[in-house]
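Have a look at the structure below before the remarks.
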Amino acid sequence: MGRQLYTTTFLHFATILFVSRSISALRFPPAPPTTTNDLDFIRTSCNATLYPDVCFTSLSGYASAVQDNPARLAKLAIGVSLSRAKHTATYLSKLSRAAAASPAVHDCVSNVGDAVEQMHGSLQQLREMNHRRPGAPAFRFQMSNVQTWMSAALTDEETCTDGITEEMEEGETKTAICERVADVKRFTSNALALVNTYANNGA
C-alpha cells in the first residue's frame with residue numbers, strides 16, 4: 001500500500017514538474033486570493049485577442065498571480081501556448097515515425113518544432129526584461145524581438161497546416177493534425193496579441 005502511494009505521489013509530482021517547466025519564466029510572487037478586479041483585467045485584456053473566450057478560459061485561473069500586470073500576463077500566455085505546442089510536437093513526432101507517414105507530416109514536425117523554439121526564446125527574452133523600464137530603448141528593442149519571434153511561431157504553425165491541407169490525403173489523421181495545430185494557433189495568436197498590447201502600452 002505504501003509503495004503504491006509513493007508511486008502515485010511521484011507521478012503526480014512529475015506531472016506538475018512538466019507543466020511548471022513549460023512556463024518556467026512565470027516567476028510570480030505568492031498569489032493572494034483572486035479578486036474581481038484581477039478577473040476583470042484578464043477579461044478586458046483577452047477582449048483584444050482574436051479568441052477571447054479561449055484566452056479567458058486558459059488564463060483566468062492565474063488571475064491572482066497576474067493581478068493587473070501586463071508583463072506577467074504576456075509571459076503566462078506565451079507559457080500556455082508553449083505547453084500546447086510541445087504536446088502537439090510530440091504527437092506529430094510519433095506520427096512521423098510511421099512507415100507510411102506523409103512528407104507533409106515531417107515538414108509539420110519541423111514547423112511546430114521551430115514554433116516551440118521561437119516561443120521559448122520569447123519567454124527567455126521576457127525573463128531577462130524583468131527590470132527593464134517600459135519606454136526605454138532597451139525595452140522597445142527587446143519587445144520587438146519578442147513580437148518578431150511570436151509572429152514567426154504563428155507563421156510556422158500556419159505553414160504546417162497549409163502543407164497538411166494541400167499535400168495530405170483526406171482521412172482521420174489529416175483531420176486530427178489540422179485540429180491539433182489549429183488549437184495551438186489560437187493560443188499563439190492570443191499570446192501574440194497580449195504581447196503586442198504590452199509592447200504598445202509600454203513603449
Please check this pair: side chain of T88 against backbone of R84, looking for a donor-acceptor N/O pair closer than 3.5 Å.
yes

Can you check side-chain contact (heavy atoms from CB on, under 4.5 Å) on D38 and D68, steps first, answer last?
CA-CA 6 Å; D38 296 338; D68 61 351; 5.9 Å; no

Side-chain donor/acceptor of N200 to backbone N/O of N196, under 3.5 Å
yes

Which pair of heavy atoms, one from A191 and one from S81, lies closest together, and at what distance?
CB-CB, 4.5 Å

Could you pull out the closest heavy-atom pair between Y198 and A74, with the gap in Å?
CD2-CB, 4.4 Å

Decide, yes or no, whether a salt bridge links D183 with R180 under the criterion of side-chain N to carboxylate O below 4.0 Å.
no

Backbone N or O of T165 within a donor-acceptor pair of the K174 side chain at under 3.5 Å?
yes

Does R72 use its side chain to pair, donor to acceptor, with the backbone of A65 at less than 3.5 Å?
yes

Would you tell me whether T188 and E157 have side-chain atoms, one donor and one acceptor, within less than 3.5 Å of each other?
yes

Tell me the closest heavy-atom pair linking A85 and M119, and the distance in Å.
CB-CE, 3.5 Å

Judged by atom type as modelled, is there a donor-acceptor pair below 3.5 Å linking the side chain of S151 to the main-chain atoms of Q147?
no

Would N69 and L73 satisfy side-chain contact (heavy atoms from CB on, under 4.5 Å), going step by step from the backbone distance to the final call?
CA-CA 6 Å; N69 188 309; L73 183 60; over 6 Å; no

Proximity of F56 and Y51 rings by center, below 6.0 Å:
no

Would you check if the side chain of T57 reaches a backbone N or O of V54 as a donor-acceptor pair within less than 3.5 Å?
no

Please find the pair of heavy atoms, one from I164 and one from C178, that lie closest to each other, and give the distance.
CG2-SG, 3.7 Å

Step by step, would you call L92 with S96 a side-chain contact (heavy atoms from CB on, under 4.5 Å)?
CA-CA 6 Å; L92 291 169; S96 72; over 6 Å; no

